[in-house]
Amino acid sequence: MSADDAADETADPDVDAPNAAPDDSPHILSAGSAADGEDAADETTETFHAFWADVVADEVEARDPDEPIVIKGGVSPSGVAHLGNFNEIMRGYFVAEVLRDRGREVRQVFTSDDKDPLRKVPRKLANADGEIVGLGEVDAGALGRNLGKPYTAIPDPFGEAESYAAHFAGLLKADADRLDVPVEMLSNTELYADGDFDDAVRTVLGDVERVREVLFPYQDKVDDEYVPFNPVCAECGKVTETVTGIDPEAETVDYVCTDMDAGGNTIEGCGHEGTATFREGKLPWRLEWPAQWGVLGVDFEPFGKDHAEGSWPSGVDVARNVFGEEPPVPMVYEWFTLNGDAFSSSEGNVVTVQELLELIEPEVLRYFFALHPKKARDLDIERLDQLVDRFDRFERAYFGEVDDPDLTAFAERAYPFVVGRPDDPPTERPIRLPYTFAAVLGMVDDPDFRERLARDEGHIPDDADADAVDAALARVEQARNWAERTGNEYDYRLQTDLPAVEFDEDVAAALDDLAAFVAAGHDGEEIQGAMYETARDHDVEVSDFFAAGYRLFFDDTQGPRLGEFLGELERDYVVDRLRREA
RNA sequence: GGGCCGGUAGCUCAGUUAGGGAGAGCGUCCGGCUUUUAACCGGACGGUCGGGGGUUCGAAUCCCUCCCGGCCCGCCA
């Protein structure tokens with residue numbers, strides 16, 4: 001394939017095959033990769049780590065990096081900052097925190113590759129509130145007219161931020177704040193404008209021959225004419241692809257603003273012929289990524305599996321043989337799916353951090369990112385209760401309450417980072433209501449009811465202080481949102497008004513009897529028992545009688561265990577409702 | 001077609017570092033909570049550890065091979 005072609009045509013003695021040796025594999029967390037490397041046999045810490053971030057931290061420290069250690073992530077702006085994008089931030093975050101815990105100074109940065117051109121109009125966008133909207137909500141024409149321009153040169157479709165790029169970066173930053181992750185957002189456009197890339201561009205354009213040789217095995221487009229620099233057209237503002245000459249002395253390039261192919265569509269160039277300085281353009285991705293490593297002094301960078309076999313090997317090669325520096329410690333992470341399918345903003349299969357935080361606590365979401373990066377994981381919104389249950393168990397394991405040595409070992413190390421308190425780990429386990437139980441409580445709005453039922457069911461200790469109780473009950477709102485969002489079996493509401501009902505005489509009489517029983521003052525357990533007896537007394541099928549109760553209180557045919565539920569409600573309300581009076 | 005990474009119970013996943021008991025939670029079923037109704041408790045059912053071969057006294061774990069899935073092998077990022 002292309003590798004063979006490359007070998008044939010590269011009549012160059014000192015650069016033959018791609019220079020990515022086996023030990024440059026980015027899969028540093030895979031089973032086989034920790035095996036004894038025969039080469040640099042520097043007793044690579046054979047310590048076992050229960051938390052993957054420690055394994056990565058070992059790799060970083062083994063290089064004896066200067067401080068602050070720099071950890072990077074980055075994305076190109078798109079319409080929606082979805083959960084998958086957060087791998088770039090969260091995976092790096094845990095490594096950063098582990099290194100800080102080891103006494104290192106760490107700087108976590110996140111680059112927005114916002115000098116890239118907008119290549120097609122996104123079908124969905126997230127507004128400043130994180131809500132996903134279609135193009136109908138924005139000035140789509142303004143986007144269409146600006147195809148081919150850098151994201152930073154395109155107006156914010158919502159008319160609020162400085163640019164499209166600023167809007168998108170703002171979304172990411174806001175979500176990072178919500179997860180309490182301190183990350184420094186960097187704009188590629190600004191890095192160019194400030195001259196940070198000057199040396200890299202000089203290196204590249206100063207020896208284009210060399211760059212071509214390095215790049216040749218990786219890209220078919222690289223030929224004797226290829227110039228790895230994309231000036232921004234002075235006339236129309238688009239990122240151009242046709243450089244006709246380089247003046248290394250003046251540090252300028254000549255270009256023609258030609259048409260650009262963008263995934264099948266053509267973005268028309270204006271035909272302008274001009275001259276651009278080294279700052280008035282950008283390096284293409286395969287050079288820009290390794291250039292960032294050098295400019296920012298990156299020591300570690302996680303990236304998705306799509307980069308593992310494509311731009312990583314070429315990036316390693318470019319870093320060493322163009323820029324003369326070592327690439328950072330890499331780490332490939334698997335992609336998440338959402339409800340079984342790939343994230344896709346165009347098809348609406350996306351979820352944002354902000355949306356998720358309406359359903360689960362931040363620590364639960366952080367926990368999700370603390371799980372092993374090499375496993376493809378599905379985030380199933382319908383089964384969010386499973387994720388929360390797993391987190392609760394993980395938390396109990398940290399407090400020594402779970403008989404599972406592996407889980408406990410993982411929890412002992414990872415839990416303090418997951419809750420964001422490595423220096424000051426909690427000494428007391430928070431009160432956690434089981435998520436589905438919280439969903440049951442969410443059927444009633446009254447906070448006192450929620451607390452009473454939670455206490456009666458033994459989920460809140462008698463001596464719990466008020467703050468701890470409030471914290472525990474906060475989950476009810478989230479579980480309630482989950483029930484509503486999924487429309488699952490917990491999505492019922494206690495009816496404040498009498499539903500339209502009609503019962504036959506026997507049922508009506510039984511309800512009246514039950515009302516009298518409740519009015520006399522009995523607890524939930526007794527009411528539950530009375531329901532059976534009353535039904536039998538009136539020759540009513542038990543199931544029919546329960547159905548009548550669910551109709552009255554939930555306007556449905558099913559519901560939670562009714563007796564105990566009614567026992568916690570206001571007595572007058574229950575009595576009136578059973579009598580069909582209010 | 002080639003490369004990389006994955007494949008453990010119906011579902012979500014531990015376990016592979018260092019070979020020795022196949023596990024957890026949820027779901028399902030049964031039972032308990034005096035008395036069918038989602039929450040609580042107990043128990044049971046449930047797996048050829050993707051298939052096959054090899055090494056070994058012993059393999060989910062190591063080796064080979066095949067199957068399946070994702071990604072990459074144009075451009076872009």
Side-chain angles (χ1 to χ4, degrees), chain A residues 1-4 25-27 29-35 45-50 55 74-78 113 116-117 119-120 218-221 241 260-264 284-286 288-289 303-313 332-335 337 342 371-372 374-380 382-387 389-390 392-394 397 402-407 409-410 433-441 443 453-454 456-459 488-490 492 525-526 528-536 541-543 545-547 549-550 557-565:
Chain A
M1 303 277 296
S2 58
D4 294 47
S25 165
H27 302 281
L29 292 177
S30 292
S33 61
T45 49
E46 299 184 9
T47 326
F48 173 70
H49 292 300
V55 178
V75 293
S76 188
S78 68
D113 296 335
D116 297 352
R119 308 181 82 85
K120 63 176 185 185
Y218 303 98
Q219 291 189 286
D220 287 355
K221 70 186 284 187
E241 294 186 326
M260 177 168 70
D261 180 53
W285 164 252
R286 282 195 131 85
E288 190 173 74
W289 194 28
F303 46 87
K305 64 175 176 178
D306 53 330
H307 288 312
E309 299 305 317
S311 39
W312 170 253
V332 178
Y333 58 81
E334 264 289 342
W335 290 354
T337 53
L371 297 172
H372 204 286
K374 290 300 293 184
K375 293 277 256 185
R377 287 173 202 282
D378 185 48
L379 184 73
D380 188 345
E382 301 274 338
R383 304 314 329 264
L384 261 192
D385 56 314
Q386 288 196 359
L387 176 63
D389 285 351
R390 281 189 72 198
D392 288 351
R393 193 174 139 83
F394 165 76
V402 177
D403 180 21
D404 183 331
D406 293 317
L407 177 62
F410 173 58
L433 304 179
Y435 194 70
T436 52
F437 177 72
V440 170
L441 297 186
M443 296 175 188
L453 189 48
D456 280 1
E457 294 294 321
H459 291 300
N488 64 9
E489 68 263 39
Y490 300 96
Y492 294 130
E525 203 174 321
E526 290 166 334
Q528 179 79 0
M531 291 196 69
Y532 290 91
E533 288 171 25
T534 310
R536 278 197 293 269
E541 287 289 332
V542 170
S543 58
F545 193 50
F546 271 97
Y550 290 127
T557 56
Q558 301 174 68
R561 192 177 300 175
L562 200 51
E564 278 133 64
F565 206 90

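Below, chain A is the first sequence line, B the second, and so on; all start at residue 1. Treat the numbers as computed from the prediction; the structure is a model and nothing was measured.
Counting non-hydrogen atoms under 4.0 angstrom, A:Y492 reaches a base of the nucleic acid. Backbone-only engagement by A:D113 is indicated by non-hydrogen atom pairs under 4.0 Å involving sugar-phosphate atoms exclusively. Using a 4.0 Å heavy-atom criterion, one finds that A:G529 contacts the bases of the nucleic acid, with or without backbone contacts as well.
A straight line from NZ of A:K374 to P of B:rG6 spans 5 Å, rounded to a whole angstrom. The nearest whole Å value for the distance from the CH2 atom in A:W285 to the P atom in B:rC76 is 12 Å. Atom CD of A:Q528 is separated from atom C1' of B:rG32 by 14 Å (rounded to the nearest Å). As a whole-Å value, the separation of A:E288 CD from B:rC75 P is 17 Å. Atom-to-atom, CH2 of A:W289 to C1' of B:rA77 comes out at 11 Å; the value is rounded to the nearest Å. We find that CG of A:D404 is positioned 16 Å from P of B:rC13, with the value rounded to whole Å. Computed from coordinates, the A:D406 CG to B:rG21 C1' distance equals 14 Å when rounded to whole Å. In this structure, the CZ atom of A:R286 is 12 Å from the P atom of B:rC72, given to the nearest Å.
Residue A:Q219 places at least one side-chain N or O under 4.0 Å from the OP1 or OP2 atom of B:rC76.
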With 3.5 Å as the limit, what N/O pairs link the protein to nucleotides 7-12 of chain B?
from	atom 1	to	atom 2	distance (Å)
B:rG7	OP1	A:K375	NZ	3.2
B:rU12	O4'	A:Q386	OE1	2.9

I'd like a table of atom pairs between the protein and nucleotides 39-42 of chain B - only N or O on both sides, under 3.5 Å - with the distance next to each one.
from	atom 1	to	atom 2	distance (Å)
B:rA39	N6	A:R561	N	3.4
B:rA39	N6	A:R561	O	2.7

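The gap from the C1' atom of B:rG7 to that of B:rC66 amounts to 14 Å, rounded to the nearest Å. Look at the P atom in both B:rU56 and B:rG43: the space between them is 43 Å, to the nearest Å. For B:rG25 and B:rG6, the C1' atoms lie 23 Å apart once the distance is rounded to whole Å. Taking atom P on both B:rC63 and B:rU55, the two are 15 Å apart, rounded to the nearest angstrom. Taking the C1' atoms as reference points, B:rC33 lies 11 Å from B:rG42, given to the whole Å. Taking atom C1' in both B:rG20 and B:rG15, the straight-line distance is 14 Å, to the nearest Å. Distance noted for atom P between B:rG46 and B:rA9: 15 Å (whole Å). With P as the reference atom, B:rU28 and B:rA39 are 8 Å apart, rounded to whole Å.
The two residues A:D389 and A:Y435 have their closest heavy-atom pair at OD1-N, 4.3 Å. Taking all atoms of both residues into account, the shortest heavy-atom contact from A:F303 to A:P26 is CZ-CB, 3.6 Å. Considering every non-hydrogen atom in both A:D113 and A:P77, the closest pair reads O-CD, 3.5 Å. Nearest approach of A:M443 to A:F565, heavy atoms of both residues: CB-CZ, 4.1 Å. Of all heavy-atom pairs spanning A:F546 and A:L562, the tightest one is CE2-CB, 4.1 Å.
Here A:E382 pairs with A:D380, A:T486 under the side-chain contact (heavy atoms from CB on, under 4.5 Å) rule; sequence neighbours left out.
Nucleotide B:rA18 is matched to nothing when pairs are restricted to Watson-Crick or G-U wobble geometry with both distances under 3.5 angstrom. Taking a pair to require two hydrogen-bonding distances under 3.5 Å in either a Watson-Crick or a G-U wobble arrangement, B:rG1 pairs with B:rC73. Across all strands shown, the partner of B:rC40 is B:rG32, judged by Watson-Crick or G-U wobble contacts whose two distances both fall under 3.5 Å. The partner of B:rC13 is B:rG23, judged by Watson-Crick or G-U wobble contacts that both fall below 3.5 Å. With both pairing distances under 3.5 Å, B:rU61 is matched to nothing as a Watson-Crick or G-U wobble pair. The partner of B:rC45 cannot be assigned: no Watson-Crick or G-U wobble pair with both contacts below 3.5 Å exists in any strand.
In this structure, the nucleotide among B:rU35, B:rC4, B:rG70 sitting nearest to the side chain of A:E309 is B:rC4. Comparing atom distances between the A:H27 side chain and each of B:rC76, B:rC4, B:rU34 picks out B:rC4 as nearest.
For A:H307 and A:W285, the ring centers are positioned less than 6.0 Å apart.
Across the interface with RNA chain B, nearest-nucleotide mapping of A:D261 and A:P284 shows A:D261 to be the residue nearer the 5′ end. Comparing A:P117 and A:E533 along RNA chain B, the residue whose closest nucleotide (by nearest heavy atom) sits nearer the 5' end is A:E533.
Judged by distance alone, the side chain of A:R119 and the main-chain N or O of A:D261 form a donor-acceptor pair under 3.5 Å. Of the possible donor and acceptor atoms, one in the side chain of A:R286 sits under 3.5 Å from a partner among the backbone N and O of A:G310.
Using a 4.0 Å cut-off between charged nitrogen and carboxylate oxygen, A:E334 and A:K374 do not count as a salt-bridge pair. Comment: A:R390 does not engage A:D392 in a salt bridge, judged by the lack of any side-chain N to carboxylate O separation of less than 4.0 angstrom.
A:F394 and A:F410 have tilted rings, their planes meeting at an angle from 30° to 60° on a 0 to 90° scale.
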